[in-house]
Protein chains: 2
Amino acid sequence: MQAEIIAVGTEILMGQITNTNGAYMAKQLTALGIDSYHQQVVGDNGPRLEEAIKLAESRSNLVILIGGLGPTPDDLTKQTLAAHLNRKLVEDPDAMAKLQARVKQQQRPMTPNNQLQAMYPEGADILVNRVGLAVGAWIVNGQHTYVLLPGPPKEFVPMVDHELLPRLAKWSGHAEVMVSRVLRFFGIGESQLVTDLDDLIANQTDPTIATYIKDHEVTVRVTASGATEKDADAKLEPMVGAIMDRDGQYFYGYGDDNSLAKELVKTLAANDMQITAAESLTAGAFQAALGDVPGVSTYFKGGFVTYSLATKAAFLAIDARELAAHGVVSAFTAKAMAEHARRKAAADISVSFTGVAGPDTLEGQPAGTVWIGLARRGQLPEAHVYHFPGGRNDVRQRAVMTGMMLALRALQA
Amino acid sequence: MQAEIIAVGTEILMGQITNTNGAYMAKQLTALGIDSYHQQVVGDNGPRLEEAIKLAESRSNLVILIGGLGPTPDDLTKQTLAAHLNRKLVEDPDAMAKLQARVKQQQRPMTPNNQLQAMYPEGADILVNRVGLAVGAWIVNGQHTYVLLPGPPKEFVPMVDHELLPRLAKWSGHAEVMVSRVLRFFGIGESQLVTDLDDLIANQTDPTIATYIKDHEVTVRVTASGATEKDADAKLEPMVGAIMDRDGQYFYGYGDDNSLAKELVKTLAANDMQITAAESLTAGAFQAALGDVPGVSTYFKGGFVTYSLATKAAFLAIDARELAAHGVVSAFTAKAMAEHARRKAAADISVSFTGVAGPDTLEGQPAGTVWIGLARRGQLPEAHVYHFPGGRNDVRQRAVMTGMMLALRALQA
């Protein structure tokens, strides 16, 4: 049971459009547990398209063709597949009626190319196009099954969701249920995490483990199958436990659609607490990331960007001589910024950032040196120093995420 | 002269990431007049990757492999190609030094997988990675040329632009000099711009015009060739002029490595002026974007995030009753925020943002309604209202960019 996606379109080969349909289709196959080891992109060219179909047939039993069903002369996917399978193209009366109504409405003549949109290879199941005019098709031919889908994403996505997925679920013969859990980590690199989980990854069959790095965080997707969801869960749990035993100190939350900011806002809500920040090198990036989360306004009312000694003194009422004496890259400054901002904003918890984003050094300290302050109502403020690698914006982004992790751990304590 | 792109990565086959690198690479090939009739995607699997390489060799003489150069066990593109070509992997001392420095800075052990990132197939030209640790390579082997590129887009794009494109231009037999100019536009959609330039694009041969949209801005790359740089420039100028005649009001700057924030900081520097901001719905994103620009600290000393009526009143000393009377989504509030922040920060120019990021309405106004205030020393503050389409973060991002464009135009006036 193996699927292969062929995206058809010279626009993709020329880089005029990105193959987002391929990604969407691939994600659906994965969710259904259908393996896919190859994808192809080929232009609007009959002979090359037929070669691509033959290659796919040689190694996959489900061939999904995306694009080339439209009304222009270079749309020839349907004709090429029909000829390859020795099938005639026949008319779908419903699609033809829709097409005729559209043509009449637009007061333009019906062309043969237009008509092709309402045709499908004889013997195929029609996949209805709810948005556009070109019909899709599901064609069983001996050991192989072929799917024809339109290229425009606004037509493609609904056809996949409503017409194709139910057929695919049946085709893939899911006796089993697949369950995934996504674990999110910050503060550990992908290579370290993979090293920590080395034996688990090497021996994976079911559950499987997939790691993925993006924007300084690592996600681990654990997927198990079973006769029922409960069975799959029962396989999943020990593996999740084993991963957490090894790297739990870097774990911050579950889920595909999660982030440190979301987890922090959720935790603020659970504690009914308000947060603020005073940012120097991060220049508002911590607060902007909080602002990304819908509903944050109940837990975040505002804060400060204090990029110079003068604004640290003026906006936060910190003694300028003390700032100068300790330096802006110091524990003193980080603590004072956090605590003074917390009081000014009448917040329960406050995070501050001061340090050297780079590329230049500051106060004799190298780029990447960052002090993060944390102040909580009723507690003495604290400050932590970090030495972040990478360029200016890596340093700033890591600082923001580290500040979120610190606040999260403080709220969870 | 035919190129084939092979994107390597199980994440692409599983639909976890979209193959944007393929589109970027394809666009560059098109711009250089290099034909490409096929693309492949294959997972992190040695035998299947080698099959893909063999297939590409059978029909293309330039094989571009993207992805799989990282430090995890599933990164095996480099090893697979080297074995296929019967070449050893050898160490690049510069990359190894960079790697060792990074490992040392992070106080973690050097693993063999880490070391692989600094190695390349013997006899290859190294493509320097300016952002990350994995080196790329350009390998001539008989009739075929192979390219190894890293998968993370922030490493991939600079390596293509700075290391690969000059080699490709030479490889494609451009005896001629090619000169490109990149024009950057904000406030116009790609489809509108393409419509405005319709006839220029339809008739393009030399210069060529390529448009590209990213993060709400549109870039246009105009490329001309000539016997000398001067000849190419002479062809370029009239085309650039024609484009500017049509859409110059949306133009903000030149260059691949430019942004509204960079252009704004450059213009602040030219005017020796200081900027500040008071942000409500954008929650620090405007200031954070300024903070992205190295050297900004001379022109930006700090500002405010005032997410609630109370913080607008408290941090900026705006009368709370007046705020309540006008509403926070109002011209009054935008002007007051900008002017009060300007005075508090002793800045020359100040931008404010207040409005409805969504998804909910606010004060009866729909999501996407945004007031942007602009205050300048010695002038009355002004405010402009916008209705931005899209989701919460689209609205916030467009607001930030529109604020930058407003400040830029004010400084240029």
Side-chain angles (χ1 to χ4, degrees), chain A residues 12-15 17-20 22-30 36-43 45 48 190-192 194-195 211-212 279 281-288 290-292 294 297 300-308 310-311 315 344-345 359 368 387 389 391-393 396, chain B residues 11-20 22-30 36-43 45 48 71-73 102 105-106 108 111 113-114 131 279 282-288 290-292 294 297 300-308 310-311 315 345 359 392-393 396:
Chain A
I12 302 176
L13 289 178
M14 295 187 73
I17 58 174
T18 303
N19 185 10
T20 54
Y24 189 85
M25 192 68 245
K27 193 174 273 196
Q28 310 309 320
L29 295 175
T30 302
S36 179
Y37 297 137
H38 305 88
Q39 285 181 16
Q40 300 183 63
V41 180
V42 64
N45 174 289
R48 283 197 286 268
E190 187 181 24
S191 57
Q192 183 60 51
V194 165
T195 305
T211 65
Y212 182 55
E279 305 187 54
L281 79 155
T282 51
F286 178 87
Q287 296 171 78
L290 287 178
D292 284 347
S297 60
F300 170 61
K301 303 295 187 194
F304 304 87
V305 178
T306 54
Y307 216 63
S308 67
T311 53
F315 296 177
K344 288 244 168 212
H387 301 280
R392 177 181 177 85
N393 288 325
R396 298 171 68 234
Chain B
E11 315 93 289
I12 303 175
L13 289 178
M14 295 186 74
Q16 289 166 359
I17 57 173
T18 302
N19 185 11
T20 54
Y24 190 85
M25 192 67 246
K27 193 174 273 197
Q28 311 307 322
L29 295 175
T30 303
S36 178
Y37 297 137
H38 305 88
Q39 286 181 16
Q40 300 183 64
V41 180
V42 65
N45 173 290
R48 283 196 285 270
T72 71
R102 184 77 62 98
Q105 189 188 12
Q106 297 185 337
R108 57 182 171 84
T111 69
N113 278 330
N114 274 142
V131 178
E279 304 187 53
T282 52
F286 178 87
Q287 296 169 78
L290 287 178
D292 285 348
S297 60
F300 170 61
K301 303 295 186 192
F304 304 87
V305 178
T306 54
Y307 215 63
S308 69
T311 52
F315 297 177
R392 176 180 177 84
N393 287 327
R396 297 171 68 234

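Proteins get letters first, then strands, A, B, ... in listed order; numbering begins at 1 in each.
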Exercise. Does any heavy atom of chain B fall under 4.5 Å from the side chain of A:V42, the backbone, both, or neither of them?
Worked result: both
Exercise. Of the backbone (N, CA, C, O) and the side chain (C-beta and beyond), which part of A:L29 lies under 4.5 Å from a heavy atom of chain B, both, or neither?
Worked result: neither
Problem set entry | Part of B:A310 within contact of chain A (heavy atom distance under 4.5 Å) | neither
Seminar exercise, completed: Checked B:P71, B:G303, B:A345 vs chain A; the most non-hydrogen pairs under 4.5 Å come from B:G303
For this session: Identify whether the distance between the nearest side-chain nitrogen and carboxylate oxygen of A:D292 and B:R392 falls below 4.0 Å.
Result: no
Exercise. What part of B:E279 lies closer than 4.5 angstrom to a heavy atom of chain A: side chain, backbone, both or neither?
Worked result: neither
Seminar exercise, completed: Counting heavy-atom pairs under 4.5 Å with chain A, the top scorer among B:G22, B:A283, B:A285 is B:A283
Problem set entry | chain A contact via B:N45 - which portion, at a heavy-atom distance below 4.5 Å | neither
Seminar exercise, completed: If one checks every heavy atom of A:S297 against chain B at 4.5 Å, the contacting part turns out to be both
Seminar exercise, completed: Minimal heavy-atom distance between B:G284 and A:A288, with the atoms involved, is C-CB, 3.8 Å
For this session: Heavy atoms only: give me the nearest A:K301-B:T311 pair and the separation to one decimal.
Result: O-OG1, 2.6 Å
For this session: Would you mind checking which part of B:Q40 comes under 4.5 Å of any heavy atom in chain A, side chain (CB onward), backbone (N, CA, C, O), both or neither?
Result: both
Seminar exercise, completed: Okay, B:L290 and chain A: the region with an atom under 4.5 Å from a heavy atom over there is neither
Exercise. What distance separates A:T18 OG1 from B:K27 NZ, expressed to the nearest 0.5 Å?
Worked result: 7.5 Å
Seminar exercise, completed: If one checks every heavy atom of B:F300 against chain A at 4.5 Å, the contacting part turns out to be both
Exercise. Which answer fits B:T20, side chain, backbone, both or neither, if we ask what part of it has an atom under 4.5 Å from a heavy atom of chain A?
Worked result: both
For this session: Would you check if the side chain of A:S191 reaches a backbone N or O of B:T72 as a donor-acceptor pair within less than 3.5 Å?
Result: no
Exercise. By a 4.5 Å heavy-atom criterion (distance strictly below it), what part of B:P359 contacts chain A: side chain, backbone, both, or neither?
Worked result: side chain
Seminar exercise, completed: Among B:T282, B:T306, B:T30, B:L13, the residue with the most heavy-atom pairs under 4.5 Å to chain A is B:L13
For this session: Can you tell which part of B:S308 gets under 4.5 Å to a heavy atom of chain A, answering side chain, backbone, both or neither?
Result: both
Problem set entry | Centroid separation A:F315 to B:F304 less than 6.0 Å | yes
Problem set entry | Whether A:R48 side chain and B:H38 backbone form a donor-acceptor pair below 3.5 Å | no
